[in-house]
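Scroll down for the structure; my scribbles are underneath it.
Numbered from 1 within each chain, the chains take letters A, B, ... in sequence-line order.
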There are 2 protein chains.
Amino acid sequence: MATPNALPRISLSQQIKDQLLERIMQGELSPGARLIELKIAAEFSTSQAPVREALRELEAMGVIETLPNKGARVRTITNDELCQLYDVRAQLEAYATQLTTENGVPLKSKLKEIVRLMKKAAREEDSTAFAGHNSDFHRVIVKSSGNTVLLDLWENLNVQARTMTNVTRSRRNLMELADSHQPIIDAIASGNSKLANSLAKEHVLSNRPKSTI
Amino acid sequence: MATPNALPRISLSQQIKDQLLERIMQGELSPGARLIELKIAAEFSTSQAPVREALRELEAMGVIETLPNKGARVRTITNDELCQLYDVRAQLEAYATQLTTENGVPLKSKLKEIVRLMKKAAREEDSTAFAGHNSDFHRVIVKSSGNTVLLDLWENLNVQARTMTNVTRSRRNLMELADSHQPIIDAIASGNSKLANSLAKEHVLSNRPKSTI
DNA sequence: ATTTCAACGATTATCGATAATTTATTGACA
DNA sequence: TGTCAATAAATTATCGATAATCGTTGAAAT
């Protein structure tokens with residue numbers, strides 16, 4: 001509807017981008033759904049321009065696909081591509097975890113706290129909160145690697161993985177998943193970077209979807 | 001069905017993007033240089049809109065940086081970041097080369113041909129052509145990994161590396177650089193994926209800039 | 001009934017102009 | 001002088017409208 005309260009703090013294109021991303025993450029906009037510029041513009045009571053900007057941003061994130069003169073759709077990712085995404089993420093995270101371990105940054109308490117929050121979310125079966133904490137756990141590690149290029153690539157893959165996989169797990173599964181982070185914490189704290197590398201890799205791969213071949 | 005003049009009309013934003021990218025690669029637009037939308041629009045005799053689209057594309061490529069309400073500049077990459085970029089690229093290419101080797105795709109003749117072209121460019125001291133063939137060599141390998149996610153990330157890093165490093169080497173250096181690809185070809189052909197992995201990694205790292213710490 | 005293709009509706013691409021924001025300039029005042 | 005607020009200039013963000021393009025529909029021709 002009309003704009004009751006437009007917060008002019010953020011640019012319109014930014015606001016539109018955030019809204020659309022939220023809808024895609026929530027599954028409100030499912031893969032393959034078309035995104036029509038003028039429709040969206042009308043909905044947000046703006047012109048076409050900021051909508052186009054927002055769509056470009058989302059495309060850069062890999063969340064939507066656009067074809068010249070044909071418009072944008074929510075990206076549909078095949079199971080194959082999702083597997084590939086996890087494979088690459090496993091490599092990047094293994095490397096990041098190794099670097100972080102070598103750096104000797106003290107993360108134990110922070111990571112344990114995040115796992116605690118994960119378990120809390122698991123008990124409450126709040127899978128959205130769980131996913132957030134889960135991302136935080138890995139983000140802290142990748143950020144501590146000190147390699148910003150690596151962090152950027154990881155964020156990119158993470159957004160795609162989270163928008164494309166709408167998994168809702170049982171409470172037991174969530175609890176097990178939370179527990180599965182502990183060995184990584186220990187490896188980092190122990191300073192065994194080679195072990196940290198392989199544990200991180202296995203951790204990501206254990207969550208990889210099944211290959212459908 | 002085949003219309004005689006099937007010249008694919010490229011969009012204005014695409015043309016502007018290509019032109020700007022060329023200028024950045026050529027060093028005509030140096031890092032830090034401002035990109036003013038209306039100036040560019042005037043130069044290309046277009047309106048502001050396609051220029052903004054082009055700038056968004058270039059930003060997504062990591063070639064320029066934009067700040068809200070403040071405009072766009074050619075990205076300045078610190079030596080540190082460039083080192084990080086090479087480190088990550090080394091990881092990705094090592095993994096890609098390993099996958100390609102495991103896939104058993106026959107690449108020997110194609111890769112040898114590319115090295116031949118590299119040497120030709122080296123003799124002619126055509127460093128632009130050399131850089132192109134060099135990219136081709138690695139792109140063929142990454143593409144043969146069969147992992148499109150990996151390919152996309154690699155292309156992204158490759159563009160950044162090529163726009164940011166304007167290296168012109170001596171003929172001898174170019175020839176040595178061309179030769180340094182041979183071990184990788186052999187490792188892939190031999191099927192020794194672990195060796196291929198480490199050779200590819202070392203190859204990238206050997207071209208890494210010196211850390212300035 | 002099938003094919004062709006012109007006209008139409010829907011949508012994207014681009015335009016020219018205006019509003020909003022940042023940056024530069026000026027001039028009063030201590 | 002030097003500081004700082006007010007103003008002007010430059011530039012980005014957004015608007016509303018038009019042009020270009022794509023897909024579809026339906027009637028004419030075979």
For A:I10 and C:dA20, give me the distance from atom CD1 to atom P, rounded to whole Å. 18 Å

A:T100 (side chain) donor-acceptor with A:S145 (main chain) under 3.5 angstrom: yes

Nucleotide N/O of nucleotides 5-11 of chain C paired with protein N/O under 3.5 Å:
from: C:dT11; atom 1: O3'; to: A:R34; atom 2: NH2; distance (Å): 3.2

For A:E22, does the CD atom have more than 12 heavy-atom neighbours from other residues, nucleotides or ligands under 6.0 Å away? no

When A:N156, A:N158, A:T163 are each screened for side chain to side chain donor-acceptor pair (under 3.5 Å) with A:Q160, the one that passes is A:N156

Gap between atoms CD and C1', on B:Q15 and C:dA13 respectively (whole Å): 13 Å

If I take atom CD1 in residue B:I40 and atom C1' in nucleotide D:dT12, what distance separates them, rounded to the nearest angstrom? 12 Å

For atom CZ of A:R73 and atom C1' of C:dT12, their distance in whole Å: 14 Å

Drop me the distance from A:T148's OG1 to A:W154's CH2, to the nearest 0.5 angstrom. 15.0 Å

Determine whether a donor-acceptor pair (N or O, by modelled atom type, separation under 3.5 Å) exists between the side chain of A:D126 and the backbone of A:T128. yes

B:R52 side chain near D:dA13 phosphate (N/O to OP1/OP2, under 4.0 Å): yes

For A:P68 and A:E53, take the nucleotide of DNA chain D holding the closest heavy atom to each; which residue's nucleotide lies nearer the 5' end? A:E53

I'd like to know if the side chain of B:N134 reaches the main chain of B:M118, judged simply by a donor and an acceptor atom lying under 3.5 Å from each other, with no hydrogens or angles considered. no

Tell me whether B:S135 contacts the main-chain N or O of B:G132 through its side chain, where contact means a donor paired with an acceptor under 3.5 Å. no

Give a yes or no answer on whether the side chain of A:Q84 reaches the backbone of B:G146 with a donor-acceptor pair at less than 3.5 Å. yes

Closer than 4.0 Å, any side-chain N/O of A:S13 to the OP1 or OP2 of D:dT14? yes

Under-3.5 Å N/O pairs linking protein and nucleotides 15-17 of chain C:
from: C:dC15; atom 1: OP2; to: B:S47; atom 2: N; distance (Å): 2.8
from: C:dC15; atom 1: OP2; to: B:S47; atom 2: OG; distance (Å): 3.1

